[in-house]
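To start, the structure under review is shown below, and the notes come after it.
Proteins come first, then strands; the chains are lettered A, B, ... in the order of their sequence lines, and each starts at number 1.
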Amino acid sequence: MSEEKKSLNFIEQIIEEDLANNGYKKEELKFRFPPEPNGYLHIGHASSINLNFGLGLKYNAPVNLRFDDTNPIKEEQEFVDSIKKDVEWLGFKWAKECYASDYFQQLYDWAVALIKNGDAYVDSQTSEEIATQKGTPTKHGTESPYRNRSVEENLSLFEAMKNGETPEGAHVLRAKIDMTSSNMLMRDPIMYRTLHTAHHRTNNDWKIYPMYDWAHGESDFVESISHSFCTLEFLPHRELYNWFVNKVSTPEDFQPKQREFARRNLSHTIVSKRKLAQLVEKGFVESWDDPRMPTISGLRRRGYTPASIRNFAESIGVGKRENIIDMSHLEFCAREDLNKTAQRVMGVLDPVKLVITNYDKEEEWLEAENNPEDETAGTRQIPFSKEIYIEREDFKESANRKFFRLTLGKEVRLKNAYIIKGEDVVKDEDGNILEIHCTYDPLSKSGSGTEESKRKVKGTLHWVSIKHALKADVRLYDRLFTVEAPDADKEKDYLEFVNPNSLTTITGYVEPSLQTSKELDSFQFQRIGYFCVDKTSTKDKLVFNRTVTLKDSWAKKNN
RNA sequence: UGGCCUAUGGUGUAACUGGCAACACGUCUGUUUUUGGUACAGAAGAGUCUAGGUUCGAGCCCUAGUGGGCCAACCA
């Protein structure tokens, strides 16, 4: 085995550099994945999860799962639960389950210290006044008239805020930094606001809640996180992050370090919690775990496997530039994994009846391979009889030799069964095909080893015995949006690009072995695609979701 | 009227300063095949946003320009 030299991404390079030249010890490495519990995780988060937990695996370092729960208005326990489920399902283990709310008291104590040092003050203006004074990116801000209140006054006001003695919106605690900074976040950012709202974990203990910037870096500091990775839009926050950490630590303390990477965008969909929530609320999809959603739960229900999502995240890497990853790459990852693991079965989605006129037996059971890619997968028995369904598009009365399927007068193989020959076709008065009549070669049985069975025929069709077949609801999914970047249009709202045909439900016929299939089982319907058993599926009413079609170079060439 | 980030085939990432810019997806050929799948073999496709500069030598460094992105929530 030659040692494959894999190049490092820029995040790994930062860590290697810290290890080699900045005095970091390997044992000091520690990461975290910090979701806000205000929605479901999506494919973009999968990248971040893979990055942080992947780093943990690579450096054998702990990774905390930390909920950034500083805004009680938006956050709920339901989301905490779904996030934990999704991270676990993806196959990762966190070292500690943490909450920013665990540090509310510590944060409060530090805030009091900042006030005492003259680094923070209570502002009693309206949010509009504060916003106006903040200036714009191109214009300096101006100082608040409350900026130089005495320490005593600040302390008593802050105490009153904490005790809920002041109304919401009356006061905020601000850091005293620099209203002329070119970085707007440094223009006396708000550290606390008054909110008389119950929190999903601290209930009514607190009447004031810390803002993101004040809570995040300090949480990293408390947990001794070495590297705090976030997306690029937080880059300007870095200066504030460092300012706050410096205020509560000494130079000897181990300081967490924030670095930023570009969030990943997927073509033909959106990765924004707010917009995904709208799709649910406005009924464009049924739920957060609708198989069309790019949420982890949606992808799971669609049939994506943890490995396929991890491979996807790993293969697209991390970078710092704007990007739109093509959906075909995600689909490739699904096929790649499912090809090795999904059991092959036969199902007919658009049936046409085929009668084998010279077949006299009542029925017979044939052996079928479960997965040619996996020798340990074994075989199963499938029923065959005189009347079967085949795919409507697999028959043409006559066609050129490019058509490898059934035509009149030509032979074709029925997968795992016999070679048949098209003889006749029965139509209604409108010319629609009602039945196809064929004859079969009794000596051509698959696997029998006879000369006849080894005969070369131009095509192989999948089929299902009519009297044994199970009816099933099959949901065919297409891209959720008709354009590559639905939220990139400055004129049009992304909702205008929702694909009206993203879901088609049909009734298909599948082989009886599927009777015992369970939720989340994945199958390859041979020659069609990968399908996953939906959570609504029952023994009496099977429901399958199409994960992705098989690659089809013939169909592609023909359209 | 500012600050910061960014710019490599269609897409996403690589490239120790110096052999004709690599890998994956996608596209196209062909071989095998009881899945027009898989596997295998191969091809096309960028000369690294532009202009200068440093250097014997630059995709990598510097400067300017241009394009894209981010920053004015008591959101994260």
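Contacts of Gly141(A) with the nucleic acid, taken as non-hydrogen atoms under 4.0 Å apart, are absent. Contact annotation for Gln125(A): base contact, defined as any heavy-atom pair under 4.0 Å involving a base atom. Among the protein residues, Lys454(A) comes within range of no part of the nucleic acid, since none of its heavy atoms lies under 4.0 Å from any strand. Among the protein residues, Arg187(A) comes within range of no part of the nucleic acid, since none of its heavy atoms lies under 4.0 Å from any strand. Counting any heavy atom pair closer than 4.0 Å across all strands shown, Pro372(A) reaches a base atom. No engagement by Glu369(A) is indicated, since no non-hydrogen atom pair under 4.0 Å with the nucleic acid exists. At a threshold of 4.0 angstrom between heavy atoms, the contacts of His216(A) with the nucleic acid are absent. Contacts of Leu550(A) with the nucleic acid, taken as non-hydrogen atoms under 4.0 Å apart, include base atoms. Across all strands, Arg344(A) comes closer than 4.0 Å to base atoms (heavy-atom distances). Using a 4.0 Å heavy-atom distance criterion, Val318(A) is classed as a sugar-phosphate-only contact.
Side-chain nitrogen and oxygen atoms of Ser553(A) include at least one within less than 4.0 Å of the OP1 or OP2 phosphate oxygen of G37(B).
Counted within 6.0 Å of NZ on Lys421(A), heavy atoms from surrounding residues, nucleotides or ligands total 12 or fewer; the atom is thus considered open.
Between Asn9(A) and Ile130(A), the residue anchored nearer the 5' end of RNA chain B, judged by the nucleotide with its closest heavy atom, is Asn9(A).
Remark: the Glu484(A) side chain and the G10(B) base include no donor-acceptor N/O pair separated by less than 3.5 Å.
The aromatic rings of Phe234(A) and Tyr212(A) sit tilted, their planes meeting at an angle between 30° and 60°.
Side-chain contact, Arg32(A) with His216(A): a donor N or O sits under 3.5 Å from an acceptor N or O.
Across the P atoms, A58(B) and A21(B) are found 15 Å apart, a figure rounded to whole Å.
The nearest whole Å value for the distance from the CZ atom in Arg264(A) to the C1' atom in A24(B) is 13 Å.
Aromatic pair Trp463(A)/Phe384(A): centroids less than 6.0 angstrom apart.
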